[in-house]
Participant: 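Before I ask anything, here is the structure I am working with.
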Amino acid sequence: METIPALLEQRLRAAVEDPGDIPLRITSASDSRFGDYQANAAMLLAKQRRQNPRVVALEILDRLKVDDICSSVEIAGAGFLNFRLRPEWVQARVEMLRLDAHLGVPVPERPKCIVIDFSSPNVAKPMHVGHIRSTILGDSLAKIAEFIGHKVVRDNHIGDWGTQFGMLLVGWKTVLDRAALERDPLLEMERIYKDVSARCREDATVLESARQELVKLQSGDAENLGLWREMIRLSQSQFDTIYGRLGVRFDVTLGESFYNERLHPVVEELRARQIARASDGAMCVFTDGSLPQEQDPFLIKDKDGWRDNPAIVLKSDGAANYTTTDLATLQYRLETWHPDEIVYVTDGRQQLHFRQMFSVFQRWMPEAAASVRLSHVWFGSILGDDGKPFKTRSGETVRLADLLDEAEERSFAQVSERNPALPEAERREIARVIGLGAVKYADLLPHRQGDYTFSWDRMLSFQGNTAPYLQNAYVRIQSIFRKLAEAGSERILGAALLLEHPAEVALGKRLLEFGEVLPMVLEDHRPNTLANYLYELANTFHAFYEACPVLKSEGAQRASRLELCEISARMLKTGLGLLGIEVPERM
RNA sequence: GCGCCCGUAGCUCAGUUGGAUAGAGCAACGGAUUUCUAAUCCGUUGGUCACUGGUUCGAGUCCAGUCGGGCGCGCCA
């Protein structure tokens, strides 16, 4: 189904004689007093043609044929074209929307293949609050892309290789507490890592033994490989528990180690093509001078002027590092899935790394680079009330499992207070849906590039722009349907819609906007736009709910209002689902 | 020092890619309920969009500079 702006743009295009490169865009009206949609094209055209904008607008208006869609088109202000939709046309569109399993979202002409690289926890470390944004954001983008109709590959690029395993192996062999490992494998692995890491700083012999264990692992020593696999297995099982709770799944989980045999060929190619060269015993990629100095990721300025800031692809000890791993991974993904886009969901501190990596890729495989979009989707940090990075009271990093537990506990206390009569099992389930929903929504609501302040009270509030508020809108609709069933009334399926009351028309228009919003959300990788839309939808629904009694109305009006409820519920459930948030049937 | 990001109501945040008189929520105050879940809705108060200049019909948005904050800057990822 086409969106309304798309339809109006077609009409506008037919009415403009020579648009040139002026975008004939239709946007929602900035103020509902002006109408429903507006076009600014006349002002842009007037500027280019050096004409009076209102005269240009008048010319367009003269040729514009939208009588079937709009009750009025007016010229206002400096040359705005304001479109007001016919209520009966809105009604017909909502009828179409009701039959559309895609909820008004246009189907892409050519579905893309999108690889999404997100979450990426490290083996032998507990998942902590730092992983939540990547996990939730990446999962939401994957769900949105899939819903729109693209093919999605969810790829968990876990950190399962690197120098830390030398220390972990030393710790495993010398200070491992089996009972503790049994109870909480990741906590124990973290403990032995910290233990050995601390001793390495004080004792060179420990550092040396860690180095030797690492060399043994890398050269295929059977015992160390076995222990390494055991660490991965234990870690993966903990990851799976968390992902299960969050409702997150992956299509592939290929850790860094998967790319080991591809690393040296990558370095060799870069060297052979003179993209990389030796420097201080390492292989490095330097600037090719194709960009202005300020924009060049391989240059940096200090007191003495511009100096090199190379990307290291092979360390002086002969080991490759993450730039190389990422390049090998990129090569593998191109060969395996031929994606149109690869999305990397990480925190903002890695911006320079990705700019360098993308740039090396461009120089290494220019033809492939021209056909794939590489998107570094980065996000800010989570802060505590004090404005500093979010930590526990004792100053530790917050473990993700603990955070989710606390969300459910706090939510359970709320639900129990409000609805003590419900059986405990049901209160637990409601608390799970609300608690996890609140955490996810709080994370997805702010613009992802800013830091945001974590607050239990705010995210769990039933007032304002929160998950519980949105879930409540859905629950109220379900309550209507429950009452209907209890009264033994039959719902007339597929009854005609009658949008008469202004609140009904407003709700209809709002429902039709979903299809406009969702493609933008994916294009900009910004689920917060969807969150804001859903809030507006819930708000508009509540206004309808107040103004238009459903069960107390009669006949065709009642049947129509029930249909509006049904579509609203479906859209709320689907929309929240795309944010990874479930809805309860009662709360 | 250089780069990236941020600075919008007392607080937490939006702002449809340059549009019309800058919007929500919380907090404060005032209304609406024999309820379809008031877990809601309606209203009032609250602004030098950090500052200065520039670009143009038009700037919170783009450009330059200043102030303030976060992050990053050769062998961690």
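Every chain is numbered from 1, with letters handed out A, B, ... down the list of sequences. Both backbone and side-chain heavy atoms feed into the values below; hydrogens, waters and symmetry mates do not.
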Participant: Write down the atom of A:His131, the atom of A:Pro121, and the distance for their closest heavy-atom approach.
Facilitator: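 That would be NE2-CA, 3.7 Å.
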Participant: With sugar-phosphate meaning primed atoms plus P, OP1 and OP2, does A:Pro446 contact a base, only sugar-phosphate, or nothing at under 4.0 Å between heavy atoms?
Facilitator: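 Sugar-phosphate, backbone atoms only, no base.
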Participant: Give a yes or no on whether a donor-acceptor pair under 3.5 Å exists between the nucleobase atoms of B:rA20, that is its base, and the side chain of A:Gln38.
Facilitator: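 Yes, the side chain and the base share a sub-3.5 Å donor-acceptor pair.
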Participant: For B:rG72, is chi within 90° of 0 (syn) or not (anti)?
Facilitator: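 That one's anti.
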Participant: Below 4.0 angstrom, N of the basic side chain to O of the carboxylate: do A:Arg586 and A:Glu426 qualify?
Facilitator: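 The answer is yes: the pair qualifies as a salt bridge.
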Participant: Looking only at side-chain atoms of A:Ala78, point me to the closest of B:rU21, B:rC57, B:rU40.
Facilitator: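 Nearest listed nucleotide: B:rC57.
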Participant: Any idea if B:rU21 is syn or anti, going by the 90°-from-0 cut?
Facilitator: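 Anti for B:rU21; the angle lies over 90° from 0.
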Participant: Where the side chain of A:Ser279 is concerned, which of B:rG72, B:rC41, B:rG74 is the nearest nucleotide?
Facilitator: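 The answer is B:rG74.
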Participant: Atom pairs under 3.5 Å, N or O on each side, protein against nucleotides 2-6 of chain B: can you list them with distances?
Facilitator:
from: B:rC2; atom 1: O4'; to: A:Lys301; atom 2: O; distance (Å): 3.3
from: B:rC4; atom 1: O2'; to: A:Gln351; atom 2: OE1; distance (Å): 2.7
from: B:rC4; atom 1: O2'; to: A:Gln351; atom 2: NE2; distance (Å): 3.4

Participant: Would A:Glu516 and A:Tyr37 count as a side chain to side chain donor-acceptor pair (under 3.5 Å) here? Give the steps.
Facilitator: CA-CA 12 Å; A:Glu516 303 170 29; A:Tyr37 290 90; 2.6 Å; yes
Participant: Is there a donor on the side chain of A:Lys388 or the base of B:rG70 sitting less than 3.5 Å from an acceptor on the other?
Facilitator: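 Per atom types, no contact qualifies.
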Participant: Side chain to side chain donor-acceptor pair (under 3.5 Å) for A:Asn539 and A:Tyr469? Distances and angles first, verdict last.
Facilitator: CA-CA 9 Å; A:Asn539 218 5; A:Tyr469 172 85; 3.3 Å; yes
Participant: If the condition is ring-ring contact (aromatic ring centres under 6.0 Å, His included), which residues does A:His525 pass it with, not counting sequence neighbours?
Facilitator: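 For A:His525 there are no ring-ring contact (aromatic ring centres under 6.0 Å, His included) partners, ignoring immediate neighbours.
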Participant: May I ask you to decide if A:Gly35's main-chain N or O and A:Asn82's side chain share a donor-acceptor pair within less than 3.5 Å?
Facilitator: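 Not a single qualifying donor-acceptor pair exists.
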Participant: What is the nucleic acid contact for A:Asn52, judged by heavy atoms within less than 4.0 Å: base, sugar-phosphate only, or nothing?
Facilitator: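 Since no nucleic acid heavy atom lies under 4.0 Å of A:Asn52, the category is nothing.
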